[in-house]
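Report on one structure; see the data block that follows.
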Amino acid sequence: MAPSPDLDCYRQRRARVAARLRENNDVLLLHGGRLRTRANDTEYPFRPDSDFHYLTGMSEPDAILVLCAGRGEGEEKLVLFVRPRDRDKEIWTGRRPGPEGAKADFGADEAYPLAALGEKLPELLEGAGRVWLPLAREASLDRKALAAIELLHRRNRDGKRPPLGLLDARNLIGEERMIKDAGALESLRRAVSMSAEAHVDAMKHTRPGMHEYEVQARMEYLWRRAGSTGPGYGSIVGAGDNATILH
């Protein structure tokens, strides 16, 4: 798993979100996305959750982000839960950062194996004002959050303080992402440049008798060669009777 090329960009984004969380001592939870089975032992290409990637730069299935704001500016804490390193599985399915890599390569203040989430999450949510998470997007994260809050409620006689409520993180992150920072603008400019070059190249090389998939393959080859992990949406290459069909 390639490390983020610009950790400062992601730190700055987390700091801006944490400033909003800090107003009520809130905590943010995000799921990094999961692999989807295509057939038997093969999966569709993995695409990380957009909000998770926006704050971490990490592309790691099943990872969990917990962002705690802290009491003062600059005191936010990033906690990541990730799949542990596994030599046998990594031979076949690719390298994993593991908890060590989550700290060294992605700037986590604390990092744990996924199996530790049930134990650690109540500690991280204890005393929080509210919990932000993308409600109903990832059922497993909803269940973990609710279980942690319920445990804190059961232990309130021991002085434990459960969060006061749940809020949908899409409102929080969506507002943040509306105003593009320098990193987002650079990514958009690069995507526009790559797209334009591939479109011009396709026009130069399209000939009568070519199949639509040949034009599509050439464009997607150029994007991948330039470093893209894939188009932002499915290619639409149509001619003749297909010219108006989104396919």
Going by an N to O cut-off under 4.0 Å, is there a salt bridge joining [X] and [Y]?
| X | Y | answer |
| --- | --- | --- |
| R137 | D51 | yes |
| R85 | E100 | no |
| E75 | R22 | no |
| D201 | K204 | no |
| E176 | R16 | yes |
| D158 | K160 | no |

Residue pair [X] / [Y]: nearest heavy atoms and the distance that separates them:
| X | Y | result |
| --- | --- | --- |
| A111 | P99 | CB-O, 3.3 Å |
| F52 | A63 | CZ-CB, 3.6 Å |
| A136 | D142 | N-OD2, 2.9 Å |
| K120 | Y112 | CE-CE2, 3.6 Å |
| A226 | M194 | CB-CE, 3.7 Å |
| P134 | A169 | N-CB, 3.7 Å |

Give the intermediate values and the outcome of side chain to side chain contact (heavy atoms under 4.5 Å, CB included) for residues F81 and V66.
CA-CA 8 Å; F81 294 86; V66 183; 3.9 Å; yes

Can a donor-acceptor pair be found, under 3.5 Å and without considering hydrogens, that links the side chain of [X] to the backbone of [Y]?
| X | Y | result |
| --- | --- | --- |
| N25 | G127 | yes |
| T42 | R38 | no |
| E126 | R161 | yes |

For the pair S50 and R177, evaluate side chain to side chain donor-acceptor pair (under 3.5 Å) and give the outcome as yes or no after the intermediate values.
CA-CA 10 Å; S50 296; R177 292 177 60 189; 4.5 Å; no

Under the side chain to side chain contact (heavy atoms under 4.5 Å, CB included) rule, what do D86 and R96 come out as? Steps first, then yes or no, please.
CA-CA 8 Å; D86 187 315; R96 303 176 179 182; 4.0 Å; yes

Starting at [atom1] of [X], measure out to [atom2] of [Y] and round the result to the nearest 0.5 Å.
| X | Y | atom1 | atom2 | result |
| --- | --- | --- | --- | --- |
| L125 | L29 | CG | CG | 5.5 Å |
| Q216 | H211 | CD | NE2 | 13.5 Å |
| E186 | R189 | CD | CZ | 6.5 Å |
| L188 | K180 | CG | NZ | 6.0 Å |
| S235 | M219 | OG | CE | 6.0 Å |
| L80 | I64 | CG | CD1 | 10.0 Å |

Please check if the number of heavy atoms outside [X] that lie under 6.0 Å from its [atom1] is greater than 12.
| X | atom1 | result |
| --- | --- | --- |
| I179 | CD1 | no |
| D241 | CG | no |
| R170 | CZ | yes |

Side chains of E212 and N242: do they bring a donor and an acceptor to under 3.5 Å?
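Yes, N242 and E212 have a side-chain donor paired with an acceptor closer than 3.5 Å.
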
With side chain to side chain donor-acceptor pair (under 3.5 Å) as the test, pick out the partner of S140 among K144, E138, R143.
E138

Please work out whether the ring planes of W223 and H199 are parallel, tilted or perpendicular, with thresholds of 30° and 60°.
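Taking H199 first and then W223, their aromatic rings sit tilted (interplane angle of 30° to 60°).
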
So, do [X] and [Y] sit near enough that their side-chain heavy atoms are less than 4.5 Å apart?
| X | Y | answer |
| --- | --- | --- |
| L55 | I173 | yes |
| H31 | D49 | no |
| V79 | L124 | yes |
| L166 | L146 | yes |
| L164 | N24 | no |
| P61 | R83 | yes |
| R14 | L78 | yes |
| L28 | L21 | yes |

Could you give me the CA-CA distance, side-chain angles and deciding distance for V215 and M210, then say whether side chain to side chain contact (heavy atoms under 4.5 Å, CB included) is met?
CA-CA 8 Å; V215 179; M210 286 182 67; 3.9 Å; yes

Decide whether [X] and [Y] are clustered together by the hydrophobic rule: side chain heavy atoms of Ile, Leu, Val, Met, Phe, Trp, Tyr closer than 4.5 Å, transitively.
| X | Y | result |
| --- | --- | --- |
| L67 | L114 | no |
| L135 | V131 | yes |
| I149 | W132 | no |

After noting the C-alpha distance and the side-chain angles of L133 and L141, does the key distance pass the side chain to side chain contact (heavy atoms under 4.5 Å, CB included) rule?
CA-CA 8 Å; L133 73 161; L141 183 59; 4.2 Å; yes

